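The analysis underlying the following values was restricted to heavy atoms, covering all of them including side chains, and did not include hydrogens, waters or symmetry mates. Keep in mind that this is a model prediction, so the values were computed, not measured. Index from 1, following the sequence.
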Amino acid sequence: MDYQKIAQDILEHVGGANNVRGLTHCFTRLRFVLKDKKKASKDVLERLEGVISVVESGGQLQVVLGAKVTKVFEAISPLVDIDETAAEEPQEQGNIWNRILIAISTMFTPMVPAIAASGLMKGLLTVARIIAADRGIDITGDQTYIILLGATDAIFYFMPIILAYTSAKVFKANEFIAMALGGTMCYPAIVGLMTGEEAVQMFGVGLTQANYASSVIPIIIGVFILSYVQKFLEKITPEVLKIVVVPGISLFVMVPATFMVFGPIGIYIGNGISFLYTGMMNISPILCGAFIGGMWCVFVVFGAHRALLPIGINDVALYGQQNLLAFAGAANFSQGGAALGVMMRTRDKNLKTVAASSMLSAAICGITEPAIYGCNLRLKKPMVYAIICGTIGGAIMGAGGVYGDSFANNGVLTLATYAAFGLTKFLFYLAGIGVAFFGAAILTYVLGFDDLVTNEATNDRAENKMKIPFTGDSDIVIPSPVAGEAVQLANVSDEVFASEALGKGIAVIPEKGEVIAPADCTVLMIYPTLHALGLRLDSGVELIIHVGIDTVNLAGRFFEKHVDEGTHVMKGTKLLSFDIKAINEAGFDTVTPIVVSNTADYQQVDGAATARADLTSDVILIKK
């Protein structure tokens with residue numbers, strides 16, 4: 001097989017090298033992110049030599065090639081300029097709103113762990129300060145306290161430098177020139193000038209005085225303009241001079257432009273956004289709290305919450321306080337409460353496990369996606385109960401004038417963040433999250449929902465038991481390498497496996513996070529992210545075992561291999577282990593397709609219908 005020709009043919013029919021913005025591959029397929037999807041000829045691609053099928057999913061064009069994907073990827077990689085980060089983007093970018101949301105997310109998401117750490121540390125310092133004050137001790141002048149407090153404020157003070165880097169990634173500007181521009185805005189002497197009483201001029205032009213340290217919007221605008229200045233200079237500058245001239249002139253142009261024009265514009269925009277949000281608060285803190293508390297997790301579903309994050313970050317950076325995430329905390333705890341209600345009421349074991357872990361994730365860490373997608377939105381009614389109780393909880397916080405002194409996800413770990421402005425406000429915060437959490441749990445448990453155990457799970461199992469397609473004696477029987485519940489491939493949510501494009505077989509909903517050799521075999525391949533492997537049994541049967549759907553995106557997290565490629569192992573040898581709970585909490589389905597990749601070599605291959613799958617259960621039947 002000519003992999004070079006296959007690569008060239010695929011590249012031609014995805015619209016050419018210039019149409020490829022990103023490219024990665026997993027165990028079975030090439031994953032393209034295209035600049036213009038309309039240029040791709042899906043029908044032609046499906047008919048090319050070596051191509052099994054073509055799937056569009058998550059903003060990617062996925063060309064399924066099976067075991068030969070690695071060799072085709074190696075052939076196609078030198079032909080395109082690969083942007084690895086683009087290939088990982090999960091969202092469509094067709095309209096301006098999506099592009100704005102993606103840009104905001106890409107700028108602010110990388111700094112979230114540092115902001116969360118800052119919030120947790122500041123909360124602990126608040127607790128320490130309150131405890132010390134109760135004993136008549138003022139620790140605010142203690143050097144240790146000052147140093148630790150500085151660590152919590154540093155990310156906000158130097159926000160222009162951090163945002164310069166992430167914005168440059170988005171706008172394709174030079175990251176280090178952008179950071180130099182952001183650093184100039186934070187430079188102590190300049191901060192002193194811009195906040196002093198004396199008028200400031202540059203080239204004889206009066207500047208709008210403002211403190212750009214801790215600012216958010218001015219640097220984003222500045223880097224956006226920098227990207228165009230840089231592109232223009234790169235076009236007109238001789239190649240031999242680019243390394244010095246382009247960055248030098250870019251910085252020389254952008255520093256005065258930022259302080260004279262784009263910085264003040266950014267300050268006014270930021271003030272305008274804060275004015276609108278403050279205006280809502282002035283009209284009615286109760287209604288504002290109710291709106292954010294009720295709708296925050298709805299915004300999360302559509303990705304729109306990312307457009308609001310700069311409000312909270314800007315408020316902390318400029319004023320040292322925010323209430324946006326306080327109100328959002330009501331939404332977070334209501335999702336955790338609804339998940340608790342699901343856990344207490346459902347009779348489906350898998351759903352009970354997902355709901356329990358989701359509840360802990362939401363309530364302790366403020367991470368709600370597992371609860372939203374794992375059970376509440378899936379079951380519909382718990383999502384409604386959560387919205388109702390989040391609305392009430394947010395209204396209570398609004399009535400109490402709740403504020404936090406840092407930007408931190410709402411969970412048990414960050415409760416102290418909302419204790420910094422007095423006991424009364426903190427009690428209103430506790431009341432708000434208490435009503436949200438326990439109210440959603442009680443409504444979900446008492447009013448109930450359509451349980452999966454009487455619908456999806458029962459129907460799937462009944463369907464499996466009715467499907468016993470294999471007739472006659474089998475020449476080869478293969479037990480399950482994964483312990484759990486066997487389901488038909490047709491029930492798998494991945495179109496490629498469900499259509500049996502990669503081969504026939506079975507899928508297993510795992511109950512134990514281990515892949516065991518089903519027979520004496522050779523390990524042909526272990527994918528670098530460890531989510532999939534290929535085996536050749538001594539009988540000649542070749543298997544692909546793919547743990548979970550789209551788990552390639554976990555990049556090896558929660559997986560551990562116990563053998564190496566090329567190793568011959570005996571039946572029962574542990575090949576791979578994985579953390580089912582962690583994968584579920586990360587939002588991925590753990591259903592594991594097990595397919596015979598050389599199905600065409602046999603007269604008949606079928607997955608046997610069985611409620612139980614393990615090394616004692618024959619799940620794949622083959623007739624030579």
- Are side-chain heavy atoms of Ile583 and Thr551 found at a separation under 4.5 Å? yes
- Item | Within-4.5 Å side-chain heavy-atom neighbours: Asn174 and Gln230 | yes
- Output for pair (Asp589 CG, Asp550 CG), nearest 0.5 Å, gives 9.5 Å
- Any chance you could measure Ile225, atom CD1, to Leu181, atom CG, to the nearest 0.5 Å? 11.5 Å
- Looking only at atom types and distance, does a side-chain atom of Lys561 sit under 3.5 Å from a main-chain N or O of Leu530, one as donor and one as acceptor? no
- Donor-acceptor under 3.5 Å (Thr599 side chain, Lys504 main chain): yes
- Given the rule in the side-chain contact (heavy atoms from CB on, under 4.5 Å) test, do Phe497 and His546 qualify, once you have shown the distances and angles that lead to the verdict? CA-CA 10 Å; Phe497 287 110; His546 195 286; 3.7 Å; yes
- Query: Distance from Met179 atom CE to Ile161 atom CD1, nearest 0.5 Å?
  - Reply: 7.0 Å
- What distance separates Leu233 CG from Lys231 NZ, expressed to the nearest 0.5 Å? 12.5 Å
- Decide side-chain contact (heavy atoms from CB on, under 4.5 Å) for Val216 and Met159; before the verdict, give the C-alpha distance in whole Å, the side-chain angles of both, and the deciding distance to 0.1 Å. CA-CA 7 Å; Val216 172; Met159 186 65 70; 4.1 Å; yes
- Item | Note, Ser597 side chain near Leu543 side chain (heavy atom, < 4.5 Å) | no
- Any sub-3.5 Å donor-acceptor pair from Gln322's side-chain atoms to Leu324's backbone N or O? yes
- Message: Taking the side chain as everything from C-beta on, heavy atoms only, tell me whether Ile506 gets closer than 4.5 Å to Leu489.
- Response: no
- Apply side-chain contact (heavy atoms from CB on, under 4.5 Å) to the pair Val487 and Val508, showing each step before the final yes or no. CA-CA 6 Å; Val487 297; Val508 175; over 6 Å; no
- Mark yes when over 12 heavy atoms from residues, nucleotides or ligands other than Ile236 sit less than 6.0 Å from its CD1; otherwise mark no. yes
- Nearest-0.5 Å distance that lies between atom CD1 in Ile594 and atom CD1 in Ile545: 6.0 Å
- Within 6.0 Å of OH in Tyr165, more than 12 heavy atoms from elsewhere: no
- Is there a side-chain contact between Leu535 and Ile544, using heavy atoms and a 4.5 Å cut-off? no
- Message: Using side-chain heavy atoms (C-beta onward) and a distance below 4.5 Å, is Leu34 in contact with Lys39?
- Response: no
- Item | Atom of Ile387, atom of Gly294 and distance for their closest heavy-atom approach | CG2-O, 3.5 Å
- Using only heavy-atom distances, determine whether the side chains of Asn376 and Gln335 contain a donor-acceptor pair under 3.5 Å. yes
- Query: Ignoring hydrogens and geometry, is there a side-chain-to-backbone donor-acceptor pair from Asp579 to Ala582 under 3.5 Å?
  - Reply: yes
- Task: Heavy atoms only: give me the nearest Ala75-Tyr3 pair and the separation to one decimal.
- Result: CB-O, 3.8 Å
- Student check: side-chain heavy atoms of Val552 and Arg31 closer than 4.5 Å: yes
- Message: Using a 6.0 Å cut-off, check whether atom CG of Asp601 has over 12 heavy atoms from anything other than its own residue.
- Response: yes
- Task: Please report the closest heavy-atom contact between Ile220 and Ser167, naming both atoms and the distance.
- Result: CG1-OG, 3.7 Å
- Heavy-atom nearest pair, Leu61 first then Ala40, reads CD2-CB, 4.0 Å
- Query: Is the side chain of Ser480 donor-acceptor paired with the backbone N or O of Ala613 at a distance under 3.5 Å, no angle test?
  - Reply: no
- Query: Should the pair Glu239-Lys242 be classified as a salt bridge under the 4.0 Å nitrogen-to-oxygen rule?
  - Reply: yes
- Note: Pro510 and Ile580 closest approach over all heavy atoms is O-CD1, 3.6 Å
- Query: Can you tell me how far the CG atom of Leu533 sits from the CG atom of Leu524, to the nearest 0.5 Å?
  - Reply: 9.5 Å
- Leu48 and His13: side-chain contact (heavy atoms from CB on, under 4.5 Å), yes or no, with the steps? CA-CA 10 Å; Leu48 293 178; His13 295 293; 4.1 Å; yes
- Task: Mind listing the closest non-hydrogen atom pair of Gly548 and Thr592 along with its distance?
- Result: N-OG1, 3.9 Å
- Query: Considering only heavy atoms from C-beta outward, does the side chain of Val229 approach that of Met254 to under 4.5 Å?
  - Reply: yes
- Assess the pair Phe224 and Phe171: is the distance between their ring centroids shorter than 6.0 Å? yes
